[in-house]
There are 2 protein chains.
Amino acid sequence: MKAIVHIGLKPGVLDPQGRAIARSLGDLGFSEVTGARQGKVIELDMKGNDAEKAKASVIEMCEKLLANTVIESYKIDIEA
Amino acid sequence: MKAIVHIGLKPGVLDPQGRAIARSLGDLGFSEVTGARQGKVIELDMKGNDAEKAKASVIEMCEKLLANTVIESYKIDIEA
């Protein structure tokens, strides 16, 4: 089973990486880009077939290790 | 319009961040995790309404700036 965890900065949190990307794209002539934000994706390979259980376990992983919940939010997709 | 760019290491490329995550999760007692890979997501706000044109332009951005195409692959989703 696979768990895909999307982690991004919460709205309102300053995103210097995203800003750098937007500015660099502007400098390269891509004037259609008005803003950019960068997040990360973690793909986990997991044992077992119980999607409910896997999701609960991944939520715990996010709270304990993967995300900084003060400034980041996360979204979990479980794939068979 | 929004463009979501998923960038990940190509299969076979060593992913030290993913390994560190997998090991840390193991250390924390999440023994169900057998592997992890980390990638990034860039969300671009774009002017215009032509999805085809936007996609072509984002491909160019990936090749020129966003992805290191020697070791990374990318996937683009355009949202209205």
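Basis for what follows: all heavy atoms, side chains included, without hydrogens, waters or symmetry-related copies. Chain letters run A, B, ... following the sequence lines, proteins first and then strands; every chain starts at 1.
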For this session: Working to the nearest 0.5 Å, report the span between NZ of A:K55 and CD of A:E52.
Result: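 Reported to 0.5 Å precision, the distance equals 8.0 Å.
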For this session: Rounded to the nearest 0.5 Å, what's the gap from CG on B:D45 to CE on B:M1? Could you check?
Result: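 Going from CG on B:D45 over to CE on B:M1, the span is 10.5 Å.
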Exercise. Heavy atoms under 4.5 Å from chain A: which residues of residues 65-80 of chain B carry them?
Worked result: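 The list, in residue order, reads B:L65, B:L66.
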Exercise. Going by residue number, which parts of residues 16-30 of chain B are within reach of chain A, meaning a heavy-atom gap below 4.5 Å?
Worked result: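 Result: B:I21, B:S24, B:L25, B:L28, B:F30.
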Exercise. Which residue out of A:G39, A:G8, A:S31, A:A36 racks up the most heavy-atom pairs below 4.5 Å with chain B?
Worked result: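 It is A:G39.
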Exercise. Can you name the closest pair of heavy atoms from A:M46 and A:S57 and give their distance?
Worked result: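 Closest approach of A:M46 to A:S57, heavy atoms only: CE-OG, 4.0 Å.
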For this session: Find out if a path of hydrophobic residues (ILVMFWY) with successive side-chain heavy-atom gaps under 4.5 Å connects A:L9 to A:V41.
Result: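 No, A:L9 does not connect to A:V41 through the hydrophobic network.
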For this session: Please check if B:I4 and B:I59 belong to a single hydrophobic cluster, counting links between Ile, Leu, Val, Met, Phe, Trp and Tyr side chain heavy atoms closer than 4.5 Å.
Result: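 Different clusters: B:I4 never reaches B:I59 through Ile, Leu, Val, Met, Phe, Trp or Tyr contacts under 4.5 Å.
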Exercise. In terms of heavy-atom pairs under 4.5 Å with chain A, which of B:K40, B:E32, B:H6 leads?
Worked result: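 Max contact count across the listed options: B:E32.
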Exercise. Taking B:V58, B:I7, B:L44, B:V5 one by one, which has the highest count of heavy-atom pairs under 4.5 Å against chain A?
Worked result: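 Result: the option with the highest number of such pairs is B:L44.
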Exercise. For atom NZ of B:K10, is the number of surrounding heavy atoms from other residues, nucleotides or ligands below 6.0 Å larger than 12?
Worked result: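 For B:K10, atom NZ is crowded (more than 12 foreign heavy atoms under 6.0 Å).
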